[in-house]
Protein chains: 2
Amino acid sequence: MAVLETTKPRAKAPARQKQLSVELPLGQILDGDCVEAMRSIPSGSIDLVFADPPYNLQLGGDLNRPDGSHVDAVTDHWDQFDSFKIYDDFTRDWLIEAKRILKPDGALWVIGSYHNIYRVGAILQDLGFWILNDIVWRKSNPMPNFRGTRFTNAHETLLWCSQGEKAKYHFNYRAMKTLNDELQMRSDWVLPICNGAERLKEGGHKVHPTQKPEALLYRVLLSTTERGDVVLDPFFGTGTTGAVAKRLGREWIGCERENVYRDAALKRIEKELPLDESALTTMQAGRSAPKVAFGALVENGFIAPGTEVFDKKRRWTATVRADGSLAIGKQTGSIHGLGKDLQGAPSCNGWTFWHYEAGGEVKPIDAARQLYLLAVED
Amino acid sequence: MAVLETTKPRAKAPARQKQLSVELPLGQILDGDCVEAMRSIPSGSIDLVFADPPYNLQLGGDLNRPDGSHVDAVTDHWDQFDSFKIYDDFTRDWLIEAKRILKPDGALWVIGSYHNIYRVGAILQDLGFWILNDIVWRKSNPMPNFRGTRFTNAHETLLWCSQGEKAKYHFNYRAMKTLNDELQMRSDWVLPICNGAERLKEGGHKVHPTQKPEALLYRVLLSTTERGDVVLDPFFGTGTTGAVAKRLGREWIGCERENVYRDAALKRIEKELPLDESALTTMQAGRSAPKVAFGALVENGFIAPGTEVFDKKRRWTATVRADGSLAIGKQTGSIHGLGKDLQGAPSCNGWTFWHYEAGGEVKPIDAARQLYLLAVED
DNA sequence: GTGATTAGTGAATCGTACA
DNA sequence: ATGTACGATTCACTAATCA
C-alpha cells in the first residue's frame, strides 16, 4: 500500500497513457446496461470509478429488478430475501467489471444510503477491494422526517477503496488540507443537497430524482485524481461526474440507460467550461518538491561547514561537517539519522529537528532549504 | 411498521412483564462467551440489545506520531480474526441469539467502524432485522491521520434495527427533539470521545482500549427504551451500557469474558446513582458554531476557481485556485497566510482583507461566506 | 491563585526507493 | 524477498507543570 502525491508516476508513461486514451470512449455516454458497456473498456485502463448505484427496490409493493424489468409476483414466489439476492447479484456484477477496468493503482468510490450501502460494502470487500475510508456526506438541509417516527435521515455514505490491501492509490493530501483551512480533511463532509440553479429541471420538475451536488464530486475528484486522469461513472444519470470532471480537467466516460438522462447530461456538460491552468493548480505536497540533500546546502554555501546546529530545546548541539554529515563528539550521522539516534526515536525529520542561528534568529534548517530552492529555481 | 411513543402497550401486561423479570439475571454480568450466555435467556424477553462487537481492525506494524511518540493501538487478542469468513460466522452467531431473545417489538443497536460495519449490516439484514436508521457518531476530537495518507477517520457508525419490516418499535420522538433544541434529532450525532474523568484508568493506564462515551449510550437508551425496560449488552466491556441504564432507570444484563473488565464494570456501576431529571440536559454536547473554510465556498460554487480577489486599495490581486488557495505569481497561500505575507504583518484576517466583484459591486469575500451560511443553515 | 506552557493521548486497516 | 536509507507527518482536549 502506498501513496503517490505527484503526477510523476503517471507522467512517466505518456505514450502508454495516450495509446490507451485513443481506445477509450472519452467524453462519451455509453448507452445501455453498465455491465455490458464496461465490457467494451480495456482492462486496467481507468483511473477512477465513481458509482451512484440505484437502490429503488420497492419491497412489499410492486417489485422491479435493478435493470427495470418487472417481477411477476404471481408466478414468482417472492420475499425480502429474494430481493436482496437480486440486488446482491446486480451489485457483484457491476463491481467485478469496475475492478477489471481499473488500473492497479486506480480507485473506486461508491455512494449509497443505509438501504444498500451495507450490502455494497460487504460485497466489494469480498471482491478484494480495500476500504480506505468511509465518508459521511452530512447534508446541511435534509428532508425532515415528517411523521416523527425515526431520526431525520440526514446523511449518505461514500466508500473509497483501492484495488487491494497492498495496492497503491492516489491521495492529494495537501489539496484537501488546503481546502479545509489548513486542517486535515475529515471523514465527514458537510455539504448542502443539490438544489437551486444547479438542480436540472424540465417543465418545473426535476429531471433526476437523486441528482448529486457538484461540490461532492468536486471533492472526490480533487482528492483522488490528477489532471488528465480518466474517470468512469457506470450510473451517469444527468452527468454530475462528467460536468465536474470537465471543469477540473479530468477525462470522463459515462454509462446510462435512460435517453432522457443522457440528453440532459450531454447538454449540461456541453455548457461546462474547463478551468484554466492557473486555477487548477493546487498546493503541492512537500514530497513532490525537488529533493534536496543537506550536503547540497553545505557545498553551495547556504550552511558553512563548522556551523553549529541544535534541537529546539538545545539538548544537543552538533557540528556541520564538509560532507553534510553532523557530528557530536565521536557520534556522527545524517541530519535524520543522528536526530533519530540521539532521541532514541524510531524516526526523525532532520529538516525540522535541527536549528541554526542566522541574523540573530533561530530557524529550522528547513528554512535554508527553502532559500536554496528559491535560488535554484531561476 | 408502527411506532409506539408511550409506555402504554407495555404497561398493559404488567403481570407478564414481572413474571419474565424474575427469570432474568437483571443487574448481572454473565461470564463467558456471549452466544453461550445468551442461550440462558428466554426467547422474546429483552427490550433492547446494544452491541459493541470487536471491529476486526487488522492493523499492520507500529505507528508513530510525527513527534516520534508511539500510538497505543488496539492489539488485544479479542479483536483478532483470521479472515472475513471467520468474522462473518462469529457475527451471524451472536446476531441469531440476539434476535431470539428480543421481544417482537424489541430493537437492536450495533456500533462499528468501516472495518466491520458493512459485514455486520449485511448479515443482520440477511437475518431479517430491519434497519430503521444508520447513525453517524461524528467525533469532535478524533485521532488525526499522522502520515497524511487518508482522510482523518473521524466517525463511527451505529445501526438501529427492528425485528423486521412489519415489526413495531419504540421511538421517543419528543425526548429527542427536546434534547436537540426543539429540532428533530438527526442521524449524525456530534459527541467527544471518552476521556477525562469518565475514562476508567488503573495505575495510569486505560482499563479498556475502546471505552465508549456515556453520552452515546445516553442517547441510545433515551431514544429507544422506556423506564423499566431490559437492556442486554453482549460485549459489556467496562459496562458503559450498564452504568447509563442504571442512571436512566433501565434494567440491564451484560455478557463479558474478561475478568478484568467484569470487575471494573461492577465497581463502576455500583457507584452509579439513578439520575434526577435536571441532569438530563447537561449530558448533551452543545451545538457547534458553524466554521467555514474558504475552500468550502470554492467547491460549492460561491467563488469560482480563477476568480480574482484583491485588497481594498488594489495593491495586490490574487487568483483563486481549485483547492481554495490564492496565488500571485509564484507566491501562494491561504487567504489568511498570503494576506499576512504580502503585508509583512504578523497576522491577517483573509475574510475581510480580500475582496471580489459580484454584480458590479466590490465585496469582501466574507460576504460570500454569509451567503454560504444562509444556504447551509438548518 | 492565575495564566501560560508543556506533555500526553485517542478503535488507525497510516511509505518509498534502491541496493 | 529483505534490508537500509531517506523522508514526511498531527487535532482536540486534558492534565500537569511552570512562571
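Lettering follows sequence order; numbering is per chain, from 1.
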Once you round it to whole Å, what is the distance between [atom2] of [N] and [atom1] of [X]?
X: A:Asp341; N: D:dT4; atom1: CG; atom2: P; value: 14 Å
X: B:Leu63; N: C:dG15; atom1: CG; atom2: C1'; value: 12 Å
X: B:Leu59; N: C:dG10; atom1: CG; atom2: P; value: 14 Å
X: A:Ile131; N: C:dA12; atom1: CD1; atom2: C1'; value: 14 Å

Would A:Gln163 and A:Lys99 satisfy side chain to side chain donor-acceptor pair (under 3.5 Å), going step by step from the backbone distance to the final call? CA-CA 7 Å; A:Gln163 281 271 40; A:Lys99 194 159 200 304; 3.2 Å; yes

Does [N] have a Watson-Crick or wobble mate here (both distances under 3.5 Å), and if so which one?
N: C:dA11; result: none
N: D:dT4; result: C:dA17
N: C:dT6; result: D:dA15

- Message: I'd like to know whether CZ of B:Arg199 has more than 12 heavy-atom contacts from other residues, nucleotides or ligands below 6.0 angstrom.
- Response: yes

So if I take every side-chain heavy atom of [X] and compare against [options], which nucleotide ends up nearest?
X: A:Ser347; options: D:dA8, C:dC14, C:dA11; result: D:dA8
X: B:Thr210; options: C:dT9, C:dA11, C:dA12; result: C:dA11
X: A:Leu183; options: D:dC11, C:dA17, C:dA12; result: D:dC11
X: B:Lys139; options: C:dG10, C:dA11, C:dT13; result: C:dA11
X: B:Gln58; options: C:dT13, D:dA8, D:dT10; result: C:dT13

Check this one for me: any side-chain N or O of [X] less than 4.0 Å away from OP1 or OP2 of [N]?
X: B:Arg147; N: C:dG15; result: yes
X: A:Lys177; N: D:dT9; result: no
X: A:Tyr173; N: D:dT10; result: yes
X: B:Asn145; N: D:dT9; result: no
X: A:His336; N: D:dC6; result: no
X: A:Ser334; N: D:dA5; result: no
X: A:Arg369; N: D:dA8; result: yes

- Message: Stacking between C:dT13 and B:Tyr114, yes or no? Criterion: centroid separation under 5.5 angstrom, plane angle under 30 degrees.
- Response: no

- Query: Do A:Thr178 and A:Arg174 have side chains that get closer than 4.5 Å, going by heavy atoms?
  - Reply: yes

Comparing A:Thr352 with A:Arg186, nearest DNA chain D nucleotide closer to 5' gives the residue A:Thr352

Comparing nearest nucleotides in DNA chain D, the 5'-proximal residue of the pair B:Ser140, B:Phe146 is B:Phe146

chi for C:dT6 classified (syn = within 90 degrees of 0, anti otherwise) as anti

message: Would B:Arg119 and B:Phe84 count as a cation-pi pair here, with the cationic atom under 6.0 angstrom from the ring centre and within 45° of the axis?
response: yes

Legend entry - B:Arg257 to B:Trp78 six-membered ring, cation-pi geometry met (6.0 Å, 45°): no

inquiry  = For A:Ser223 and A:Arg219, which I'm curious about, is there any donor-acceptor pair between the side chains at under 3.5 Å?
reply    = no

Per nearest nucleotide of DNA chain C, the residue lying toward the 5' end, B:Asp67 or B:Gly61, is B:Asp67

